[in-house]
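All heavy atoms count here, side chains included; hydrogens, waters and symmetry mates do not.
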Amino acid sequence: MKYRHRAAALAATAVVLAGAGPAAAASSSPAPSPTPSVAIPDGLYGTTDPTYDGVWRQSLALLAQESVGVTPADKAVAWLAGQQCANGAFAAFRADAGKPCDAKLMVDTNSTAAATQALAALGDHDAEVRKAVTWLKSVQNADGGWGYTPGGASDANSTSVVAGALAQGGETVPNLRKGGKSPYDALHALALPCDGKDAGAFAYQPGKKGELAANADATAAAVLGLLGEPLTGSRQDDSASPAACTAFDASKEPEKGAANGAGWLAEAMAKDGHLTSALPGAEDQPDYGNTADAIVALSSTGLNDQAEAPLRWLEGNFAQWAKDSGPAAYAQLVFVANAARGADARDFGGQDLVKLLNATGPAPKAVEKKDQSTASAEKKDDDKGLSPAYTIGGGLLVGAAIGFVLMVRGRKRRQS
């Protein structure tokens, strides 16, 4: 699927009919609408209907810009900050931000967490970040996690994006407990066991009978969540090949859970070099958004060799998907370029992602001209040494590892 919030358009109905359904089970924003039902606000990125993804796509765009030295337009930042309700929460979109939020407005954890990450990264928004952090903590579920809407059943995607936001907001994530459970406990409960099918993967939510089904998007999210990483992820030094799936203590060794998930993602992309979406009644399609998220997850655990073939595939195939999907997609690609070894946001498959992203919204205040020579040289070296067989995925898995390999050695932990 293209985006994590594709199902968010059904959230209001789901809340009324069934409490809170899995509104975020796909990958990062709803499918574009050809004719917006509301006017596109000045300062907002993208030209499609923002009703279900305005705050999400704006947050990702600002996060991506900040990560590559772009100073966003004041009105772009002001629009996002102005979407916040008095209690600290964010809805997916408020057409009239001058009107106070009321009980009828559906606020959600995903929009709030994404906005928190963006405002924390930009700086000078301490008050807004504190209010958002306070609200997120107030709606933590008894199992330690979060659902898409307050009170909704916990899911891996929501729990992970909130954990990243709280870490960005200065919270020690393992210490955030509700009913004795931490966010890591909630994610652990969604991890598929190491002695069964899809060992190491994560489910979005349990099925009706408590069964767990592997979900690539949920797995990529859980990897970052267990590492306390924001949506951007981070580039890490090379690690060894994926270790065998290992049982882990969520409260003491969340990195093991992240390693398990990363190993499963590497295997899932080994054959085709990308993930595939399966929609009822339609032919399977390459899943660009989830592939991007998976590359960030692999790179953030140091599995740079395993991320190589998917990265090259994405560089060669992203253009039409990103053009059709808009700013959130370009932001995801910037995250990939920043996290993946040898990638360059200003020369990604021959295109400048920074310019493409900037063109979807108000002109930024400033664009830092960073020296990209090192990344470009590294990328060229990698290309020279890449064999055709490796490019199609033959080099993704480098045999079985003996014992557990700590995949985030040297990582600067955001939590203690």
- For residues Ala156 and Ala203, report the shortest heavy-atom separation together with the two atoms involved. CB-O, 3.4 Å
- Can you list every pair that meets salt bridge (charged side-chain N to carboxylate O under 4.0 Å, His left out) and has a residue in residues 130-147, with sequence neighbours left out? Lys137-Glu171
- Query: Is the side chain of Asn141 donor-acceptor paired with the backbone N or O of Gly144 at a distance under 3.5 Å, no angle test?
  - Reply: no
- Message: Rounded at 0.5 Å granularity, tell me how far OG in Ser154 sits from CH2 in Trp146.
- Response: 8.5 Å
- Sole candidate of Thr291, Val336, Asn338 that passes side chain to side chain contact (heavy atoms under 4.5 Å, CB included) when paired with Val296: Val336
- Message: Is it the case that the side chains of Thr48 and Arg57 hold a donor-acceptor pair, with the cut-off being a distance below 3.5 Å and no angle test?
- Response: yes
- Message: Which residues pass the ring-ring contact (aromatic ring centres under 6.0 Å, His included) test with Phe335, not counting sequence neighbours?
- Response: none
- Task: On the 0 to 90° scale, with breaks at 30° and 60°, tag the Phe248-His188 ring pair as parallel, tilted or perpendicular.
- Result: perpendicular
Expected list for residues 114-124: side-chain donor-acceptor pairs under 3.5 angstrom, two or more places apart:
| from | atom 1 | to | atom 2 | distance (Å) |
| --- | --- | --- | --- | --- |
| Thr116 | OG1 | Thr112 | O | 2.6 |
| Gln117 | OE1 | Leu231 | N | 2.9 |
| Gln117 | NE2 | Val161 | O | 3.2 |

Show every donor-acceptor pair shorter than 3.5 Å between a side-chain atom in residues 84-104 and any protein atom, with sequence neighbours excluded, or say none if there are none.
| from | atom 1 | to | atom 2 | distance (Å) |
| --- | --- | --- | --- | --- |
| Gln84 | NE2 | Gly88 | O | 3.0 |
| Gln84 | NE2 | Glu128 | O | 3.0 |
| Asn87 | OD1 | Ala89 | N | 3.0 |
| Arg94 | NE | Gln83 | O | 3.1 |
| Arg94 | NH1 | Lys99 | O | 2.8 |
| Arg94 | NH2 | Gly82 | O | 3.2 |
| Arg94 | NH2 | Gln83 | O | 3.3 |
| Arg94 | NH2 | Gln84 | O | 3.1 |
| Asp96 | OD1 | Gly98 | N | 3.1 |
| Asp102 | OD1 | Lys104 | N | 3.0 |
| Asp102 | OD1 | Leu105 | N | 3.2 |

- Query: Who pairs with Thr51 by side chain to side chain contact (heavy atoms under 4.5 Å, CB included), at least two apart in sequence or on another chain?
  - Reply: Ser37, Val38, Asp49
- Task: Can you tell me which residue pairs pass the salt bridge (charged side-chain N to carboxylate O under 4.0 Å, His left out) test with a partner in residues 219-228, sequence neighbours excluded?
- Result: none
- Task: Could you tell me whether the side chain of Ser160 and the main chain of Ala221 form a donor-acceptor pair under 3.5 Å?
- Result: yes
- Message: Before you tell me yes or no, could you show the steps for Arg346 and Val68 under side chain to side chain contact (heavy atoms under 4.5 Å, CB included), namely the whole-Å CA-CA distance, both residues' side-chain angles and the distance that decides it to 0.1 Å?
- Response: CA-CA 9 Å; Arg346 290 174 171 81; Val68 291; 4.0 Å; yes
- How far apart are the closest heavy atoms of Val133 and Gly169, and which atoms are they? CG2-CA, 4.2 Å
- Between Pro230 and Leu224, is any pair of side-chain heavy atoms under 4.5 Å apart? no
- All heavy atoms of Ala322 vs all of Leu333, minimum pair found to be CB-CD1, 3.8 Å
- List the steps, then state whether side chain to side chain contact (heavy atoms under 4.5 Å, CB included) holds for Lys197 with Leu192. CA-CA 8 Å; Lys197 180 183 177 182; Leu192 274 71; over 6 Å; no
- Message: Restricting to salt bridge (Lys or Arg N to Asp or Glu O under 4.0 Å), what partner residues turn up for Lys355, sequence neighbours left out?
- Response: none
- Task: With sequence neighbours left out, write down each residue that passes salt bridge (Lys or Arg N to Asp or Glu O under 4.0 Å) with Asp74, or none if nothing qualifies.
- Result: Lys365
- Query: Without hydrogens or angle criteria, can the side chains of Asp155 and Ser158 be said to hold a donor-acceptor pair below 3.5 Å?
  - Reply: yes
- Side-chain (Ser182) to main-chain (Gly180) donor-acceptor, under 3.5 angstrom: no
- Query: With no hydrogens and no angle check, do the side chains of Asp284 and Thr276 hold a donor and an acceptor under 3.5 Å apart?
  - Reply: no
- To the nearest 0.5 Å, how far apart are OG in Ser299 and CZ in Arg341? 8.5 Å
- Message: We want to know whether Tyr184 and Glu253 form a side-chain donor-acceptor pair, criterion being a heavy-atom distance below 3.5 angstrom.
- Response: no
- Evaluate side chain to side chain contact (heavy atoms under 4.5 Å, CB included) for His274 paired with Asp287, printing each intermediate quantity in order. CA-CA 7 Å; His274 61 80; Asp287 194 330; over 6 Å; no
- In terms of heavy-atom contacts, Tyr204 and Asn157 come closest through CD1-OD1, 3.0 Å
- Which of these, Trp313, Phe318, Tyr330, sits in a ring-ring contact (aromatic ring centres under 6.0 Å, His included) with Tyr288? Trp313
- Message: Checking the side chain of Asn110 only, and the main-chain atoms of Trp56 only, is there a donor and an acceptor separated by less than 3.5 Å?
- Response: no
- Query: At their closest point, which heavy atom of Leu176 faces which heavy atom of Pro183, and how far apart are they?
  - Reply: O-CD, 3.1 Å
- Message: Does Thr360 form a side chain to side chain contact (heavy atoms under 4.5 Å, CB included) with Leu357? I'd like the steps, not just the answer.
- Response: CA-CA 6 Å; Thr360 65; Leu357 173 60; 4.1 Å; yes
- Does Asp249 have any salt bridge (Lys or Arg N to Asp or Glu O under 4.0 Å) partners at least two apart in sequence or in another chain, and if so, which? none
- Query: So, the side chain of Gln58 versus the backbone of Tyr45: is there a donor-acceptor pair under 3.5 Å, distance only?
  - Reply: yes
- Item | ring-ring contact (aromatic ring centres under 6.0 Å, His included) partners of His125, counting only residues at least two apart | none
- Does the side chain of Thr149 reach to within under 4.5 Å of the side chain of Thr109, using non-hydrogen atoms? no
- Do Gln351 and Leu356 have side-chain heavy atoms sitting under 4.5 Å apart? yes
- Short side-chain donor-acceptor distance under 3.5 Å, Ser234 and Gln236: yes
- With sequence neighbours excluded, what pairs up with Trp79 under the ring-ring contact (aromatic ring centres under 6.0 Å, His included) test? none
- Keeping the roles fixed (side chain from Thr301, backbone from Ala262), state whether a donor-acceptor pair exists under 3.5 Å. no
- Message: Between Asp198 and Trp264, is there a side-chain donor-acceptor contact under 3.5 Å, judged purely by atom types and distance?
- Response: yes
- Item | Neighbour count >12 (heavy atoms, 6.0 Å) for atom NZ, Lys178 | yes
- Note on the structure: Scanning both residues in full, the closest heavy-atom pair of Ala61 with Ala331 reads N-CB, 4.0 Å
- Mind checking the CG-OG1 spacing from Leu275 to Thr219? Nearest 0.5 Å is all I need. 9.5 Å
- Item | Whether Thr159 side chain and Leu187 backbone form a donor-acceptor pair below 3.5 Å | no
- Polar side-chain atom of Arg235 near backbone of Ala337 as donor-acceptor pair, under 3.5 Å: yes
- May I have all residue pairs that pass salt bridge (charged side-chain N to carboxylate O under 4.0 Å, His left out) and include part of residues 183-192, sequence neighbours excluded? Arg177-Asp185
- Look only at the side chain of Gln205 and the backbone of Ala153, and say whether a donor-acceptor pair between them is shorter than 3.5 Å. yes
